[in-house]
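A short write-up of the structure that comes next.
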Amino acid sequence: MNFLAHLFLAEDSPESLLGNLAGDFVKGGLGDRFTPGVRKGIAEHRSVDEFTDTHPEVAAIRRIIAAGHGHYSRVIGDVFLDHLLSRHWDDYTSESREDFIDRVYRTLDPFVGEMPGHLPFVYERMRDGRWLQSYTDLSGIETALRNISRRLSRAPRLESAVSLLTDRRDELQRHFRAFFPDVVAHVNAIRSRA
């Protein structure tokens, strides 16, 4: 999953939001590099990624994408999951998407200096460029995929996958709706064991 979903699944605390956002920017063991709350958030991020990667509904989404985009289906699929969450936001929470995003930025802004690796740079671009808000629209997804393509050595033009969000929307939505409650339950189960 991508930024929006990881933040959505985080607890409402600075450490949890930071850890769940930082998961892709921290490699290897965590040791004592972070506070317990941030370590817990990073561990949740990693668990969510593992759960997502092995879920049959996500595998079905990736197969749809893989037909035209091969091994980039995971990257594209992660962005599609954020789009589908954004489009179906009200099915999963009573807090508006805009209020949620504003709250996340207000909560995280004071902690930019504590963000690991390249996350401060990415976070500021995400916030200032309104990435999370843009995931609702196809043009925002196209831009996100184009920007990812530019960072890849083969420049694979991932943005062409956006047509699937029109041509195969019903099927993608069906798989997403079957998957997302499961990942929410997975995160809740992790927390209940802690």
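Start at 1 with the first residue, then count along the sequence. As the structure is a prediction and not an experimental result, all values here were calculated from the model.
V122 places a side-chain heavy atom less than 4.5 Å from the side chain of W131. Looking only at side-chain heavy atoms (C-beta outward), R33 and V38 stay at 4.5 Å or farther from each other. You'll find the side chain of R177 stays beyond 4.5 Å of the side chain of L84, heavy atoms only.
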Derivation and outcome, side chain to side chain contact (heavy atoms under 4.5 Å, CB included), residues R39 and E15: CA-CA 8 Å; R39 282 196 309 268; E15 290 184 311; over 6 Å; no
Candidate pair V104 and L21, rule side chain to side chain contact (heavy atoms under 4.5 Å, CB included), full reasoning: CA-CA 10 Å; V104 165; L21 183 61; over 6 Å; no
Stepwise side chain to side chain contact (heavy atoms under 4.5 Å, CB included) check, M126 with F3: CA-CA 9 Å; M126 176 192 314; F3 300 122; 3.6 Å; yes
Evaluation steps, side chain to side chain contact (heavy atoms under 4.5 Å, CB included), between I61 and L81: CA-CA 9 Å; I61 289 171; L81 290 174; 3.9 Å; yes
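If you look at H88 and Y92, their ring centroids are not closer than 6.0 Å. Annotation: F8 is in aromatic contact with F180 [ring centroid separation under 6.0 Å]. A centroid separation of less than 6.0 Å is found between the aromatic rings of H55 and F179.
Using cut-offs of 30° and 60° for the angle between ring planes, the Y105 and Y123 rings count as perpendicular.
With salt bridges taken as basic N to acidic carboxylate O contacts below 4.0 Å, one links R191 and E11. Ion pairing between a basic and an acidic side chain is recognised when a charged N comes within 4.0 Å of a carboxylate O; D53 and R74 show such pairing. A salt bridge does not link R169 with E171: every distance from a Lys NZ or Arg NE/NH1/NH2 to an Asp or Glu carboxylate oxygen is 4.0 Å or more.
Environment of CZ in R103: crowded, with over 12 heavy atoms of neighbouring residues, nucleotides or ligands closer than 6.0 Å. Within a 6.0 Å radius of CZ in R174, other residues, nucleotides and ligands contribute more than 12 heavy atoms. No more than 12 heavy-atom neighbours from other residues, nucleotides or ligands sit within 6.0 angstrom of CG on D32.
Here the closest non-hydrogen pair linking A10 and N20 is CB-ND2, 3.5 Å. For the residue pair P116 and F25, the shortest heavy atom distance occurs at O-CB, 4.2 Å. The two atoms that bring R87 and T136 nearest to each other are CD-O, 3.1 Å, heavy atoms only. The two residues P110 and R106 have their closest heavy-atom pair at CD-O, 3.3 Å. Between L9 and V187, the closest heavy-atom pair is O-CG1, 3.8 Å. Listed here is the closest heavy atom pair of V79 and A144: CG1-CB, 4.4 Å.
Judged by distance alone, with hydrogens and angles left aside, the side-chain atoms of S160 form a donor-acceptor pair with the main-chain N or O of R157 at under 3.5 Å.
Identified under the salt bridge (Lys or Arg N to Asp or Glu O under 4.0 Å) test for residues 131-143, with sequence neighbours left out: E142-R146. The salt bridge (Lys or Arg N to Asp or Glu O under 4.0 Å) pairs that include a residue from residues 109-124 are D109-R127, where partners are two or more places apart or lie in different chains.
Side chains of H45 and D49: a donor on one and an acceptor on the other come within 3.5 Å.
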